[in-house]
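Taking it in order: structure first as structure tokens, then the write-up.
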Amino acid sequence: TEETVSDLAAVKGETSEVTTPAVADTEFTIAHHLRRVPTTLQALRVHVPGHLYASRVGDWTDSRVFAKFSGGTDTLLVRIA
């Protein structure tokens, strides 16, 4: 059914590569195409020591989320769902 397909898409989410700011713990925006407000932000690939974490979750929208990374500049593979 259409509802089942929507539920599966919500679980799968989407992945994208993002470049983090040079200064640790600086907020940045990640665009997405889920057409709904996500509930999950996850780093799938990180090259430098650090942790990706959610920022201003209450301000997330159906097209963007806010995040911070505790390391320096890196290109992360992230999952948003």
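Residue numbers start at 1 and run along the sequence shown.
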Checklist entry - To the nearest 0.5 Å, how far apart are NE2 in His32 and OG in Ser63? => result 6.0 Å
Checklist entry - Are any non-hydrogen side-chain atoms of Val46 and Leu52 less than 4.5 angstrom apart? => result no
Checklist entry - Would Val57 and Phe28 show up in the same hydrophobic cluster when neighbours are defined by side-chain heavy atoms closer than 4.5 Å? => result yes
Checklist entry - Does any non-hydrogen side-chain atom of Ile30 lie less than 4.5 Å from one of Leu41? => result yes
Item to check | Leu34 side, atom CG; Thr61 side, atom OG1 - distance, nearest 0.5 Å | outcome: 10.0 Å
Next on the checklist: Show every salt bridge (Lys or Arg N to Asp or Glu O under 4.0 Å) that has at least one partner inside residues 18-29, sequence neighbours left out.
Outcome noted: Glu27-Arg56
Checklist entry - What closest approach, in Å, do Pro38 and Ala81 show between heavy atoms, and which atom pair accounts for it? => result CB-O, 3.1 Å
Item to check | Arg35 CZ to Asp62 CG distance, which is reported to the nearest 0.5 Å | outcome: 10.0 Å
Item to check | Gap separating the CD1 atom of Ile80 from the NE2 atom of His33, nearest 0.5 angstrom | outcome: 10.0 Å
Item to check | Qualifying side chain to side chain donor-acceptor pair (under 3.5 Å) pairs, either residue in residues 41-52, two or more places apart | outcome: Glu17-Arg45, Gln42-Arg79, His47-Asp74
Checklist outcome for this item: Only one of Val18, Val48, Val23, Thr26 passes side chain to side chain contact (heavy atoms under 4.5 Å, CB included) with Phe69, and that residue is Val48
Checklist entry - Of all residues at least two apart in sequence or in a different chain, which pass the side chain to side chain contact (heavy atoms under 4.5 Å, CB included) check with Thr19? => result Thr73, Thr75
Next on the checklist: Tell me the closest heavy-atom pair linking Trp60 and Ser55, and the distance in Å.
Outcome noted: NE1-O, 3.1 Å
